[in-house]
Amino acid sequence: MGYDPANPMKDRITDIGPPHYEQFYPPVIKKNHGKWLYHEILAPGVLVHVSETGDKCYTVRCASARLISTSLIKDMCDIADKYCDGCLRFTTRNNVEFMVDSEEKVKPLVDACNAHGMLPVGGTGASVSNPVHTQGWVHCHTPATDASGVVKAVMDELFDYFTSMTLPAQVRVALACCLNMCGAVHCSDIAILGVHRKPPLIDNDTISQVCELPLAIAACPLGAIKPAKGINSKGEEVKSVTVNVDRCMFCGNCYTMCPSLPLADPTGDGIAILVGGKISNSRSMPKFSKMVIPFLPNTPPRWPETVAAVKNILEVYAKDAKKYERVGEWAERIGWEKFFEKCNIPFSDKCIDDYRLAYDTWRTSTQFKFTSHIK
Amino acid sequence: MGYDPANPMKDRITDIGPPHYEQFYPPVIKKNHGKWLYHEILAPGVLVHVSETGDKCYTVRCASARLISTSLIKDMCDIADKYCDGCLRFTTRNNVEFMVDSEEKVKPLVDACNAHGMLPVGGTGASVSNPVHTQGWVHCHTPATDASGVVKAVMDELFDYFTSMTLPAQVRVALACCLNMCGAVHCSDIAILGVHRKPPLIDNDTISQVCELPLAIAACPLGAIKPAKGINSKGEEVKSVTVNVDRCMFCGNCYTMCPSLPLADPTGDGIAILVGGKISNSRSMPKFSKMVIPFLPNTPPRWPETVAAVKNILEVYAKDAKKYERVGEWAERIGWEKFFEKCNIPFSDKCIDDYRLAYDTWRTSTQFKFTSHIK
Amino acid sequence: MPKHDTPLLDQLESGPWPSFVSDLKRQAEVNPACWDILGQLELSFVDKITHWKHGGIVGVFGYGGGIVGRYSDVPKKFPGVAHFHTVRLNQPSSKFYSTKILRQICDMWERRGSGMTNMHGSTGDLVLLGTFTEQLEEIFYEVTHDIGMDLGGSGGNLRTPSCCLGKARCEWACYDTAAACHNITNTYQDELHRPAFPYKFKTKFSGCPNDCVASIARSDLSVIGTWRDDIRIDQAAVKGYISGEFAPNAGAHAGRDWGKFDIQKEVIDLCPTGCMWMEGGELKIDNAECTRCMHCLNVMPRALRPGVDTGASILIGAKAPILDGAQMSTLIVPFIKMELENEFAEYKEIIEKCWDWWMEEGKNRERIGESMQRVGLPTFLKVMELDALPQHVKEPRSNPYVFWKEEEVEGGFERSLAEFRARNPM
Amino acid sequence: MPKHDTPLLDQLESGPWPSFVSDLKRQAEVNPACWDILGQLELSFVDKITHWKHGGIVGVFGYGGGIVGRYSDVPKKFPGVAHFHTVRLNQPSSKFYSTKILRQICDMWERRGSGMTNMHGSTGDLVLLGTFTEQLEEIFYEVTHDIGMDLGGSGGNLRTPSCCLGKARCEWACYDTAAACHNITNTYQDELHRPAFPYKFKTKFSGCPNDCVASIARSDLSVIGTWRDDIRIDQAAVKGYISGEFAPNAGAHAGRDWGKFDIQKEVIDLCPTGCMWMEGGELKIDNAECTRCMHCLNVMPRALRPGVDTGASILIGAKAPILDGAQMSTLIVPFIKMELENEFAEYKEIIEKCWDWWMEEGKNRERIGESMQRVGLPTFLKVMELDALPQHVKEPRSNPYVFWKEEEVEGGFERSLAEFRARNPM
Ligand code: SRM
Ligand code: SRM
Ligand code: SRM
Ligand code: SRM
Ligand code: SF4
Ligand code: SF4
Ligand code: SF4
Ligand code: SF4
Ligand code: SF4
Ligand code: SF4
Ligand code: SF4
Ligand code: SF4
């Protein structure tokens with residue numbers, strides 16, 4: 001009975017894969033699978049999907065911090081048991097969704113969510129839905145900032161945009177705590193990115209033991225790392241590397257390959273803001289996010305500079321953009337020079353691409369708008 | 001009197017620069033310099049510019065082969081003396097322009113041009129003006145095709161588009177006889193480009209004498225050329241190079257640096273067609289031409305394949321594009337897949353970029369049109 | 001374990017957004033290790049730096065992934081998180097759950113882990129956050145035997161596939177994303193559990209070009225639903241939108257007064273191809289010009305529906321910026337059928353071709369998108385045995401640098417110097 | 001020299017476009033060398049290959065350029081073109097001529113050259129095509145003494161500048177392109193005649209964004225007229241266009257019936273910034289949003305004119321594809337004044353800054369645009385002592401790879417391992 005360390009292979013089960021999804025479908029979903037005709041958003045966070053059978057599926061969407069406890073999951077289960085035949089789901093943006101099959105079941109369900117206190121209803125339509133984010137200081141070894149803390153601070157401030165649908169279009173906010181960008185930062189309307197700004201510190205006390213030096217050297221996309229002798233704290237000469245700091249772009253790939261080359265630093269690390277990315281193919285093709293603020297300091301617990309920067313961009317956009325226009329579509333229509341002017345963001349040369357495909361971003365035209373930037 | 005070889009420095013004059021332009025202005029131009037209010041195209045090749053003084057300048061534009069004789073220039077002078085107070089000019093596209101200051105002087109001038117036989121009137125407005133072109137076999141050492149011959153063959157066929165204004169917009173045709181692209185090929189509505197397709201032939205009989213091998217090696221952008229021993233026709237071993245033919249893209253830069261590395265070849269050389277470039281900033285930003293036909297053979301004296309390809313593209317465009325739409329603007333509006341379909345041009349993988357900025361041209365979207373290309 | 005002072009974190013208990021700090025404190029009553037999570041995180045807030053050590057290779061017997069090892073660099077202070085390994089459980093398609101299975105997972109995790117989770121990880125796994133090495137086999141045993149789940153991916157292998165809602169609850173699904181995700185995940189259990197690839201490989205299934213699982217940005221092989229016939233139009237419903245009977249965009253903009261719905265401004269003028277117009281009170285679409293961007297369907301879901309000849313477009317190569325900059329997936333196969341009937345055979349032929357080539361040609365830690373860039377798109381298409389199509393690119397090349405192959409050039413590359421010089425003396 | 005059979009070339013004597021073959025035959029009566037031009041060209045038509053040898057360095061004393069040496073590889077067959085050097089004469093601004101000077105040039109060229117020319121070369125020179133080495137000094141003497149002209153550029157130097165018509169005959173000229181071209185050409189005679197640069201350097205002057213001298217595509221330093229105040233509108237003339245009194249686009253489309261002029265469709269909807277609208281029968285422009293693309297002025301020249309605070313935008317770096325692919329010039333200085341009064345001082349400061357840096361940093365045969373790409377735009381802007389502006393780019397960077405400088409980062413790059421490990425033990 002149970003796992004036997006003495007005999008690990010005993011009736012071992014492997015490669016069964018995920019459980020079959022269908023067993024988890026609420027009855028109304030199972031019955032109307034593939035038969036849906038249209039949907040409507042009845043209120044922020046409340047959707048109805050109408051089937052050709054005439055059946056309806058009402059969905060109530062609630063925010064979650066994503067970093068959640070089993071106790072909170074059990075609370076969700078209690079609600080699902082009470083109102084939703086014991087079924088629930090999570091969205092691709094980490095919201096939780098409760099589904100019922102008739103209108104009168106909606107209000108009690110919504111009330112229960114609101115009553116809970118940790119399950120605000122919203123995130124549909126022209127709103128700011130749940131930010132896709134990452135581990136940060138809660139679990140990862142390479143972060144340049146925290147994840148859950150920054151998201152909490154930002155969403156406390158943007159909360160009304162989660163529970164309403166007043167924006168020109170959906171605004172996808174994402175955070176990644178380092179350039180690895182686990183998640184959606186590279187294609188989000190507003191992205192918060194943890195960035196390092198100091199080259200790797202070379203730990204000569206450990207590097208020759210814990211690192212495959214050739215791998216560390218090969219890891220650098222810019223060839224900034226070269227083999228060299230180093231002196232450890234005992235004063236002994238050891239096989240090590242040097243980093244050409246002028247060629248370093250702080251990507252952190254060397255640290256990923258070699259624990260003795262940490263980049264993280266309390267003052268060097270912080271946050272960059274990127275905007276204008278999108279994923280959907282609706283109207284315009286998918287777009288990458290563009291860097292508009294290269295650095296803001298790490299200021300726990302509430303990162304006021306980052307919160308203010310995100311809110312400012314969101315609200316200038318909300319005022320200025322046309323209906324259906326995503327942040328990136330708006331910026332391209334008015335021109336990026338106007339984006340910086342309207343958002344009152346000083347333009348930094350750091351925002352000018354100087355990497356591999358840079359030339360394609362240079363302005364090879366006389367078409368430009370005169371803005372406050374031009375003295 | 002005159003140049004004295006015995007004494008070359010005798011009253012030598014240098015660095016006087018070009019003669020002052022003003023002395024060549026027709027009176028009406030001189031008088032109304034900077035005072036022009038507007039212009040009108042009265043007929044193909046006939047313009048009037050109206051000044052705030054009320055004066056008018058009538059311009060008659062005639063084609064020229066650009067490769068022209070002093071006798072023909074003197075004919076132009078005769079016309080200018082007779083009708084234009086001895087003034088004339090050439091345009092940036094190598095047309096010749098005669099100017100008069102009153103309407104009644106226009107018809108006799110036009111008649112004189114037509115009577116001459118080598119001075120067809122046209123090239124204004126929504127026309128095909130004079131193709132910008134280069135030297136070809138008449139004067140250059142690196143051509144992959146001829147220039148004047150191809151242009152003559154193409155323009156004989158497009159002549160009516162020079163003498164009329166029936167196109168959706170101006171169509172700029174250009175030719176360059178090799179990848180050096182002396183001229184406008186990289187930004188023209190329809191471009192004819194001479195291309196080599198065979199790697200340099202290594203002349204071991206001369207290379208060690210006439211070439212700076214290190215320069216030849218350095219000339220290759222792809223590092224395809226490496227130092228190596230070679231055997232000359234006498235069977236002797238000489239300092240030479242090898243070419244990694246798989247890395248060669250036939251740019252010809254090695255030949256520019258080293259006469260012993262010729263690329264030119266009767267069957268290897270030919271013509272590529274590029275389209276959709278523009279220079280003006282009108283409406284859309286300037287655009288590069290895009291390669292749509294990677295190769296057509298050299299078929300003197302009249303290059304029928306090239307003539308047909310150019311005419312086909314021009315006429316499909318003329319039928320399908322909207323008023324004011326340049327070729328590139330049209331292709332982008334309908335989508336390049338539709339361009340190939342409508343022009344009935346088979347799509348070649350050669351038209352897919354695989355050089356330095358290639359990724360930016362890949363289609364990173366589900367937005368596409370179904371065309372005959374998709375089986 | 002003792003409670004630590006967390007004055008900084010405590011400030012994150014206020015405010016309307018759900019507080020992970022309050023949640024952690026509550027869970028600490030069940031799993032005291034949470035006090036140490038809070039304690040170490042507080043220390044990171046003070047130091048402005050992570051306190052997790054680099055890497056750590058741990059796992060369960062016979063699997064090369066599914067567990068991410070993690071150790072504290074201050075274990076004495078925070079013994080409860082001295083080990084803090086992540087367990088990635090492969091989520092069910094579209095992340096539907098019964099309360100029964102969730103409760104089983106929770107009970108197990110309270111006994112054997114920190115009690116903290118990510119619902120879900122960015123790739124899509126159900127992430128169990130924080131346990132000790134000695135628990136890993138126990139967890140694996142219980143998960144597979146009692147809960148009926150399995151581990152997800154990590155390392156150089158097929159990562160846990162994921163999908164959007166699809167036909168379960170969306171009218172636009174052009175194929176059954178959940179079925180595809182489930183079938184394919186199970187077909188490739190070995191590729192998922194036993195790293196044999198140069199680097200990670202992700203695949204995500206979206207039912208339509210809205211791409212609700214972000215596959216075009218976040219998967220090496222993106223499967224995005226589309227159709228090749230005509231958009232279905234219900235003209236009566238069109239009138240319903242025009243008259244104001246139906247809310248545009250299904251009410252997605254209800255929070256602000258945007259004025260009366262204007263089909264010209266809000267639909268026809270925003271169509272990227274300009275292929276729509278009104279005629280005699282009816283909405284017309286020139287479907288041959290439509291790029292199926294979804295905008296008009298999004299705005300008028302009751303009036304417009306995808307065609308009936310549905311399938312998916314295959315795009316390849318998305319990834320985050322490390323190392324050459326981020327890539328989105330590139331259109332490689334414009335249209336395939338995605339059917340459970342044939343076990344998604346067309347898809348599997350494509351993914352296996354990718355893997356065969358990439359395992360041969362891909363460099364260590366090179367994503368397939370990077371390999372594609374290195375060899376060039378034309379070469380990759382040859383590998384995939386596909387004809388080059390204008391649909392593969394946004395525009396043709398603007399540089400003239402074509403790499404002709406010897407067999408493509410009349411007479412080949414070999415030339416006689418003697419002949420050349422006979423004609424063209426030096 | 002004997003006449004050669006030219007059956008292939010003869011086929012180019014028919015057809016409506018002016019025939020250079022007929023022209024050559026006619027000139028052969030004056031300059032028999034033309035028979036050899038025809039003969040060798042016929043041979044190239046037969047062989048499908050050039051018969052000119054590579055290069056050949058010839059020139060006139062004291063100049064490093066202006067002559068392009070050329071020798072036949074079949075001189076015995078065609079002695080008349082055994083030497084066939086090109087002489088580049090620096091054309092006058094905007095290529096206006098008196099018949100007097102043209103006749104002088106022709107007479108000289110019939111005596112001392114082939115009698116064949118290019119009116120003009122792609123860079124802008126008046127190109128005299130084909131003469132012998134021994135003639136070069138004679139030609140130079142006559143040109144400078146009797147004709148009052150000078151040689152243009154070739155080699156690694158300032159190439160012959162050129163310009164559009166400008167104020168001479170165009171209502172849109174925002175500065176005096178002819179004056180600028182002339183003044184600047186004369187100021188830099190030494191840079192033009194004595195190669196001291198890593199590679200060629202071209203500058204071209206267009207009076208407005210229509211760019212009739214193609215400067216954005218074909219010059220290392222492009223000067224393109226623009227304005228920074230408001231477009232001047234004559235509302236009466238606007239009505240004239242609407243009523244059909246005036247032909248749109250000055251009649252440029254008169255050859256086809258495009259239907260009645262529609263200001264909405266033909267002007268307002270084609271404005272790239274959408275900054276125009278009709279209001280009470282009047283055309284309105286939000287000039288702050290206008291990017292001065294010229295379209296509306298082009299279509300309604302009688303109604304719309306550039307503002308009165310005019311000058312030029314400076315763009316840098318255009319070139320043909322060798323080696324990294326073609327480049328267009330990049331906007332570097334959004335607006336400068338271009339005035340003869342101060343001898344175009346602002347322009348000269350810019351071009352000299354470019355040269356000083358490029359002569360230092362530029363590699364052999366590296367155009368300044370390539371140098372810019374190599375060092376990156378931000379670095380180039382520092383060199384030019386310019387603030388980075390959003391106008392310099394179409395869009396901000398999408399990759400996160402910022403090269404921070406040590407002085408920009410609090411605490412600099414030097415860190416103490418001991419301190420680090422005290423906080424974060426290994
Ligand atoms: C539930 C979810 C799918 C899932 O399997 O979990 C989902 C569900 C729906 N999406 Fe989505 N989308 C979901 C993530 C996404 C994503 C992915 C992401 O955000 O990471 C995208 C791409 C985002 C982007 O473009 O950057 C996405 C882009 C869309 C769009 C395109 C919007 C646009 O104009 O660009 C639509 C169409 C619309 O909203 O009109 C759409 C429409 C819908 C519809 C209306 C589809 C339907 O008929 O039911 C669903 C309700 C929309 C709503 O919430 O207002 N969904 N949708 C995801 C909810 C996330 C959340 O909790 O907020
Ligand atoms: C004479 C010339 C300037 C010169 O100094 O020689 C000239 C003269 C005029 N150009 Fe030009 N352009 C001249 C070369 C160019 C070039 C350069 C080139 O072709 O290499 C361009 C850029 C071409 C491109 O964009 O690829 C050029 C793009 C324009 C445009 C923009 C058209 C567009 O919509 O893109 C206009 C505006 C228009 O035509 O409405 C324009 C307008 C004009 C006007 C109407 C300006 C005026 O008010 O007088 C002149 C008569 C136009 C006509 O010919 O119909 N001119 N024009 C050149 C005549 C060349 C020829 O013989 O055909
Ligand atoms: C847990 C998770 C973030 C999260 O909070 O959800 C995660 C966490 C890590 N990712 Fe990730 N990635 C996670 C989804 C992603 C995604 C998003 C996605 O899959 O949709 C991406 C961007 C898409 C992509 O794959 O490019 C992503 C791009 C990376 C990269 C950059 C890869 C690249 O080619 O650019 C790295 C670096 C690496 O692989 O060495 C990385 C590396 C890592 C490592 C293993 C750190 C490292 O240097 O080895 C992180 C472990 C953190 C920890 O200790 O828990 N992670 N990573 C996500 C996986 C959970 C799950 O299985 O569901
Ligand atoms: C004569 C002319 C073509 C014509 O028929 O008009 C010409 C002819 C030559 N060009 Fe050019 N270029 C001529 C204008 C151009 C232009 C157009 C322009 O200046 O507006 C360009 C494109 C713009 C540019 O500069 O990039 C041009 C780009 C080149 C290049 C490529 C340079 C590059 O950086 O990509 C080369 C190759 C080289 O420099 O080695 C080149 C090289 C040459 C050489 C010297 C051949 C060589 O390999 O050295 C040609 C001599 C041909 C001959 O024997 O007569 N020529 N060349 C043009 C000069 C006449 C004049 O002075 O007015
Ligand atoms: S983004 Fe970076 S720091 Fe954050 S979880 Fe991913 S790898 Fe770790
Ligand atoms: S951080 Fe990146 S760029 Fe810097 S040394 Fe490491 S690998 Fe190279
Ligand atoms: S394009 Fe090439 S072949 Fe033609 S003139 Fe220029 S350099 Fe010579
Ligand atoms: S032609 Fe170009 S690519 Fe080929 S060897 Fe010569 S320089 Fe290299
Ligand atoms: S991707 Fe399409 S099918 Fe899937 S949930 Fe989103 S809208 Fe529906
Ligand atoms: S799907 Fe997009 S492209 Fe097709 S008709 Fe609708 S809006 Fe136009
Ligand atoms: S560039 Fe502008 S100013 Fe110069 S001729 Fe052309 S239209 Fe006139
Ligand atoms: S110049 Fe161009 S941008 Fe400005 S108003 Fe006219 S059309 Fe619009």
Side-chain angles (χ1 to χ4, degrees), chain B residues 179 181 186 193 195 197-199 201-206 233 245-246 248-251 259-260 262 264-265 267-268 272 274 288-292 294 332-340 347-355 358-359 361-371 373-375, chain C residues 209 211 216 224 226 228 272-274 288-293 313 315 317-318 324-325 327-331 334-335 373 375-379 381-382 387-406 408-413 415-418 420-421 424 426:
Chain B
L179 268 52
M181 289 194 195
H186 57 303
L193 174 64
V195 294
R197 293 184 307 157
K198 297 196 180 193
L201 179 65
I202 301 164
D203 181 350
N204 286 326
D205 291 347
T206 59
S233 48
V245 297
D246 298 333
C248 179
M249 59 184 189
F250 319 101
C251 70
S260 300
D265 181 85
T267 56
L274 292 81
F288 286 121
S289 321
K290 318 279 187 301
M291 185 181 287
V292 295
E332 288 177 8
R333 176 177 56 83
I334 65 174
W336 282 98
E337 62 269 46
K338 279 285 176 186
F339 168 89
F340 282 93
F347 186 76
S348 160
D349 65 343
K350 306 286 180 297
C351 297
I352 297 179
D353 196 355
D354 52 3
Y355 201 48
Y359 174 73
T361 68
W362 297 3
R363 189 170 315 218
T364 51
S365 171
T366 59
Q367 292 186 19
F368 67 87
K369 296 178 182 180
F370 284 97
T371 60
H373 307 85
I374 299 176
K375 300 287 164 299
Chain C
D211 197 3
I216 201 168
I224 304 180
T226 192
R228 57 182 166 187
T273 64
E289 300 300 319
C290 168
T291 54
R292 304 165 310 286
C293 81
S313 295
L315 299 87
D324 267 353
Q327 283 179 242
M328 279 186 262
S329 285
T330 296
L331 183 70
F335 188 89
Q373 279 214 51
V375 303
L377 188 51
T379 306
L381 293 171
K382 283 203 188 61
D387 293 338
L389 302 170
Q391 283 82 359
H392 286 133
V393 291
K394 294 189 191 119
E395 58 186 34
R397 73 186 315 138
S398 54
N399 65 69
Y401 297 140
V402 174
F403 290 89
W404 292 93
K405 308 247 156 309
E406 176 151 25
E408 296 167 330
V409 181
E410 187 186 337
F413 286 170
R415 299 191 280 164
S416 144
L417 179 64
F420 188 90
R421 285 297 170 218
N424 300 90
M426 187 77 180

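Residue numbers start from 1 in every chain, and the chains themselves are labelled A, B, ... in the order their sequence lines are given, proteins ahead of strands. Atom set for the values below is all heavy atoms of this structure, side chains included, hydrogens, waters and symmetry mates excluded.
In this structure, F335(C) CZ and I374(B) CD1 are separated by 10.0 Å, a value rounded to the nearest 0.5 Å. With rounding to the nearest 0.5 angstrom, the NZ atom of K350(B) is 5.5 Å from the CH2 atom of W404(C). Atom OH of residue Y401(C) and atom CZ of residue F250(B) lie 13.0 Å apart, to the nearest 0.5 angstrom. The structure places NZ of K394(C) at 11.5 Å from CD of E332(B), a figure rounded to the nearest 0.5 Å. The distance from the NE2 atom of H186(B) to the CG atom of N399(C) is 13.0 Å, given to the nearest 0.5 Å.
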Could you walk me through whether M291(B) and V402(C) pass the side-chain contact (heavy atoms from CB on, under 4.5 Å) test, one step at a time? CA-CA 10 Å; M291(B) 185 181 287; V402(C) 174; 3.7 Å; yes
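Looking at S233(B), neither its backbone nor its side chain comes within 4.5 Å of chain C, counting heavy atoms on both sides. Looking at E408(C), the atoms closer than 4.5 Å to chain B (heavy atoms on both sides) sit in the backbone and in the side chain alike. For a residue to count as touching a neighbouring chain, one of its non-hydrogen atoms must lie under 4.5 Å from one of that chain's; by this rule L377(C) touches chain B with backbone and side chain alike. Residue I352(B) touches chain C through both its backbone and its side chain, counting heavy-atom pairs closer than 4.5 Å. Within the 4.5 angstrom heavy-atom criterion, atoms from both the backbone and the side chain of D265(B) approach chain C. Both the backbone and the side chain of L331(C) come within contact range of chain B, each with at least one heavy atom under 4.5 Å from a heavy atom of that chain.
For chain B, the option among S313(C), G376(C), P400(C) with the highest count of heavy-atom pairs below 4.5 Å is P400(C). Ranked by heavy-atom pairs under 4.5 Å with chain B, the first of M426(C), R415(C), K382(C) is R415(C). Note: E395(C) leads M328(C), E395(C), R228(C) in heavy-atom pairs under 4.5 Å with chain B. Your options are P209(C), S329(C), C290(C), and the one with the most heavy-atom pairs under 4.5 Å with chain B is S329(C). Between chain C and the residues K375(B), K198(B), R333(B), M181(B), the largest count of heavy-atom pairs under 4.5 Å involves K198(B). Comparing T226(C), I216(C), D211(C) by how many heavy-atom pairs each has under 4.5 Å with chain B, the most go to I216(C). The most heavy-atom pairs under 4.5 Å with chain C, out of V245(B), L179(B), D203(B), come from D203(B). Put simply, of A358(B), G268(B), P294(B), A272(B), the one with the most heavy-atom pairs under 4.5 Å next to chain C is P294(B).
The two residues P259(B) and R421(C) come nearest to each other via the heavy atoms O-NH2, 4.0 Å. Residue A388(C) comes nearest to S348(B) through the heavy atom pair CB-C, 4.5 Å, listed as atom of the first residue, atom of the second, then distance. Of all heavy-atom pairs spanning S398(C) and L274(B), the tightest one is O-CD2, 4.2 Å. In this structure, K290(B) and P396(C) approach most closely via the heavy-atom pair CD-O, 3.4 Å.
The shortest side-chain heavy-atom distance between R292(C) and T366(B) does not fall under the 4.5 Å cut-off. Between L201(B) and L417(C), the closest side-chain pair of non-hydrogen atoms falls below 4.5 Å. Counting heavy atoms from C-beta outward, D353(B) and V393(C) have side chains that stay 4.5 Å or more apart. Put simply, the side chain of F339(B) does not reach to within 4.5 Å of the side chain of P390(C), judged on heavy atoms.
Atom CD of E410(C) has 12 or fewer heavy atoms from other residues, nucleotides or ligands within 6.0 Å.
Checked for salt-bridge contact, E289(C) and K338(B) meet the test: a charged N lies under 4.0 Å from a carboxylate O.
When each of F347(B), F340(B), F370(B), F368(B) is tested with Q391(C) by the rule side chain to side chain contact (heavy atoms under 4.5 Å, CB included), just one qualifies, namely F368(B).
When atom types are taken as modelled, the side chain of R397(C) and the backbone of C351(B) share no donor-acceptor pair closer than 3.5 angstrom. When atom types are taken as modelled, the side chain of K369(B) and the backbone of A288(C) share no donor-acceptor pair closer than 3.5 angstrom.
For the pair R197(B) and F413(C), the NZ or CZ position fails the cation-pi test of under 6.0 Å to the six-membered ring centre and within 45 degrees of the ring normal.
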